[in-house]
Amino acid sequence: MKKENVIKSCYSILDRVTPLDFDCGRLCDGKCCKGDAHTGMLLFPGEEKLIDSDICINTNQDGVCVAVCDGSCNRHRRPLSCRIYPLFPVIENNGDTEYIDVQFDPRASCPLCEGEIKLNRRFVKAVKRVGKYLLLNKETQKEYREICEEIKDINKFRELLK
Ligand code: SF4
Ligand code: SF4
């Protein structure tokens, strides 16, 4: 599948489903949309031409494209990282079998990660489907797997600190 089509499918899966059935930005005054020029939402291959053209695209120190916004965007053209936040579909291993486990993204700073509010089940399922789609193209799969490894490393490190 072409990377742009993978991304369009992921956008469509998450176009009408959100973490809660109401605007969760009311809980935190839209915290995740208040980054600065040094932070940004990571872009998957193929997203550069699909996101809102008002969003700036920078390259981070690892050579990965990140979207830097001014705190507002066309909701239907927001990046995939914004759509799945604060979850991530992590590829886990059970012996020889891989499976996708939807987890709170340890990089996220979001009140929902405290686990006190039950997330919309449709949202969790949609994030899992996104993981399956990201595996359908070599480039999206490569970046997806790299992020999964990064997340697992962060989780291991946090376990060590406990
Ligand atoms: S930080 Fe979390 S609760 Fe706040 S708007 Fe973003 S996803 Fe919703
Ligand atoms: S691109 Fe849109 S959804 Fe993503 S952080 Fe910026 S304003 Fe929020």
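Indexing begins at 1, ligand by ligand and atom by atom, following the structure's order. All values reported here derive from a predicted model rather than from experimental measurement.
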For ligand 2, give me the residues whose heavy-atom distance to it is below 4.0 Å, by chain and number please. Cys32, Cys33, Ile55, Cys69, Gly71, Ser72, Cys73, Arg78, Pro79, Cys82
A cation-pi test, strictly: NZ or CZ of Arg107 under 6.0 Å from the centre of the six-membered ring of Phe88 and no more than 45 degrees from its axis. Yes or no? yes
May I ask you to decide whether Glu98 forms a salt bridge with Arg145, counting only side-chain N to carboxylate O separations under 4.0 Å? yes
Is it the case that more than 12 heavy atoms not belonging to Arg75 sit under 6.0 Å from its CZ atom? no
What residues join Phe157 in its hydrophobic cluster, counting side-chain heavy atom gaps under 4.5 Å, either direct or through other members? Leu161
Assess whether a salt bridge exists between Glu159 and Lys156, defined as any Lys/Arg side-chain N lying under 4.0 Å from an Asp/Glu carboxylate O. no
Checking Gln103 against Asp101: is there a side-chain donor and acceptor pair closer than 3.5 Å? yes
Short list, please: which atoms of ligand 1 are under 4.0 Å from a heavy atom of Cys28? 1 (S), 3 (S), 4 (Fe), 5 (S)
